[in-house]
There are 2 protein chains.
Amino acid sequence: MAYQRLDKLDKQILRLIAADARIPFLEVARACNVSGAAIHQRIQKLTNLGILKGSHFVIDPEKIGYETCAYIGLNLKNPEKFDSVVEELRKIPEVVECHYTTGDFDLFIKIYAFNNHHLLNIIHDKLQPLGLSRSETIISFNTSIDRQLPIVDIPVIDQDDMMDRNI
Amino acid sequence: MAYQRLDKLDKQILRLIAADARIPFLEVARACNVSGAAIHQRIQKLTNLGILKGSHFVIDPEKIGYETCAYIGLNLKNPEKFDSVVEELRKIPEVVECHYTTGDFDLFIKIYAFNNHHLLNIIHDKLQPLGLSRSETIISFNTSIDRQLPIVDIPVIDQDDMMDRNI
DNA sequence: AATGAAACATGCTCGGA
DNA sequence: TCCGAGCATGTTTCATT
């Protein structure tokens with residue numbers, strides 16, 4: 001099993017803090033009927049396990065001027081240069097995601113730009129020089145869903161299970 | 001101008017809290033050389049303007065069992081049913097993003113699944129019944145970049161500008 | 001729109017169970 | 001692993017500039 005098993009308390013904590021990173025741990029504690037120290041310890045544990053990887057405030061891209069969001073599939077002239085291309089992509093701040101994918105593309109990236117003109121500049125000035133044989137751009141007109149991983153649906157270890165199996 | 005102009009202090013605050021939602025506002029205050037109350041007021045203002053939209057803890061998908069991440073382009077048999085399809089997609093927790101896009105697809109979604117088998121089940125049992133004429137799945141083997149919007153690069157109003165223009 | 005102070009709440013640590 | 005208590009720290013409000 002590649003992933004860590006979580007119990008009900010872990011899950012409840014994750015659900016609460018994933019939805020609101022600023023929630024006081026004492027409030028989480030009250031919601032879970034445990035002490036603040038327990039929440040503190042659990043969050044420490046989840047962080048040490050690498051399950052929790054920091055926290056972010058969510059900023060509305062449009063409100064700060066990023067009016068264009070696009071996905072771009074990339075094919076490389078020299079696919080063996082994959083790693084160095086990813087390093088170059090990392091230097092382009094507008095590139096917020098990069099995936100190594102199955103299917104038609106070598107790489108698949110997500111980009112935010114101020115507008116379509118800015119997007120074209122990025123593609124022409126920064127992406128093309130990386131040695132692309134082809135690229136395909138999908139522009140998002142509208143993001144109608146944007147949310148987090150489902151926490152509710154992940155399997156849990158519950159107390160009865162553990163007792164049944166003498167864990 | 002569709003977006004809100006930010007000054008240097010707004011930008012610095014956004015940069016700090018975007019990177020770490022749990023950072024004490026007093027620490028932000030010290031980094032910005034202003035009082036804690038000022039940070040409190042600014043964050044209130046940024047929230048009221050809709051620039052800040054809450055905060056999230058970041059959870060590593062793989063560590064909680066989501067080993068498959070995929071993007072799927074969808075074409076609808078009845079494109080006029082767009083809105084109701086989006087509502088149905090919203091009910092599928094594994095769908096974390098949904099975009100209305102240019103190009104070949106009517107909709108473009110991002111999905112997390114436990115594994116490829118689970119992904120196929122979702123496509124077959126939940127997506128196909130929505131009335132798809134076609135779909136194209138891009139599976140991400142590996143996410144090599146996943147980060148936030150560039151805050152550094154957004155334009156600022158600075159004090160001299162404002163004085164020059166008698167704002 | 002920023003400040004400092006005050007009142008209140010939370011974060012963190014440690015000893016003990 | 002959890003609890004409770006203690007102290008350090010942070011949050012929020014308010015009168016003032």
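The figures that follow rest on heavy atoms only: side chains count, while hydrogens, waters and symmetry mates do not. The sequence lines fix the lettering, A, B, ..., with proteins before strands; numbering per chain opens at 1.
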Novice: Using a 4.0 Å heavy-atom cut-off across all strands, classify B:Leu9 as base, sugar-phosphate, or nothing.
Specialist: sugar-phosphate

Novice: Working note: A:Phe82 + A:Tyr100, criterion side-chain contact (heavy atoms from CB on, under 4.5 Å); need CA distance, chi angles, decisive distance, verdict.
Specialist: CA-CA 9 Å; A:Phe82 178 82; A:Tyr100 178 28; 3.7 Å; yes

Novice: To the nearest angstrom, how far is A:Gln44 atom CD from C:dC14 atom P?
Specialist: 12 Å

Novice: Can you measure B:Arg30 atom CZ to D:dG10 atom C1' for me and round it to whole angstrom units?
Specialist: 9 Å

Novice: Would you say the side chains of A:Ser133 and A:Asn75 form a donor-acceptor pair under 3.5 Å?
Specialist: no

Novice: Is it true that A:Lys126 and A:Glu88 make a salt bridge, defined as a side-chain N closer than 4.0 Å to a carboxylate O?
Specialist: no

Novice: With respect to the side chain of A:Val34, which nucleotide from C:dA1, C:dT3, D:dC3 is positioned closest?
Specialist: D:dC3

Novice: How would nucleotides 11-17 of chain D be written as a contact map, 5' to 3', with B for base contact, S for sugar-phosphate-only contact and - for no contact, using protein heavy atoms under 4.0 Å?
Specialist: BSB----

Novice: Check the distance between C:dA1's P and B:Ile157's CD1 and give it to me in whole angstrom.
Specialist: 11 Å

Novice: Can you tell me how far C1' of D:dT9 sits from CD1 of B:Ile39, to the nearest Å?
Specialist: 17 Å

Novice: Would you classify B:Ile43 as touching base, sugar-phosphate or nothing, given that sugar-phosphate means primed atoms plus P, OP1 and OP2, and contacts are heavy atoms under 4.0 Å?
Specialist: nothing

Novice: What is the distance from CG of B:Asp20 to C1' of C:dG11, rounded to the nearest Å?
Specialist: 14 Å

Novice: If the threshold is 4.0 Å, N to carboxylate O, is there a salt bridge linking B:Lys53 and A:Asp146?
Specialist: no

Novice: Give a yes or no on whether a salt bridge exists between A:Arg15 and A:Asp20, defined as a side-chain N under 4.0 angstrom from a carboxylate O.
Specialist: no

Novice: Is any side-chain nitrogen or oxygen of A:Arg42 closer than 4.0 Å to OP1 or OP2 of D:dC3?
Specialist: no

Novice: If we only count heavy atoms from C-beta on, is the A:Lys110 to A:Tyr71 side-chain gap below 4.5 Å?
Specialist: yes

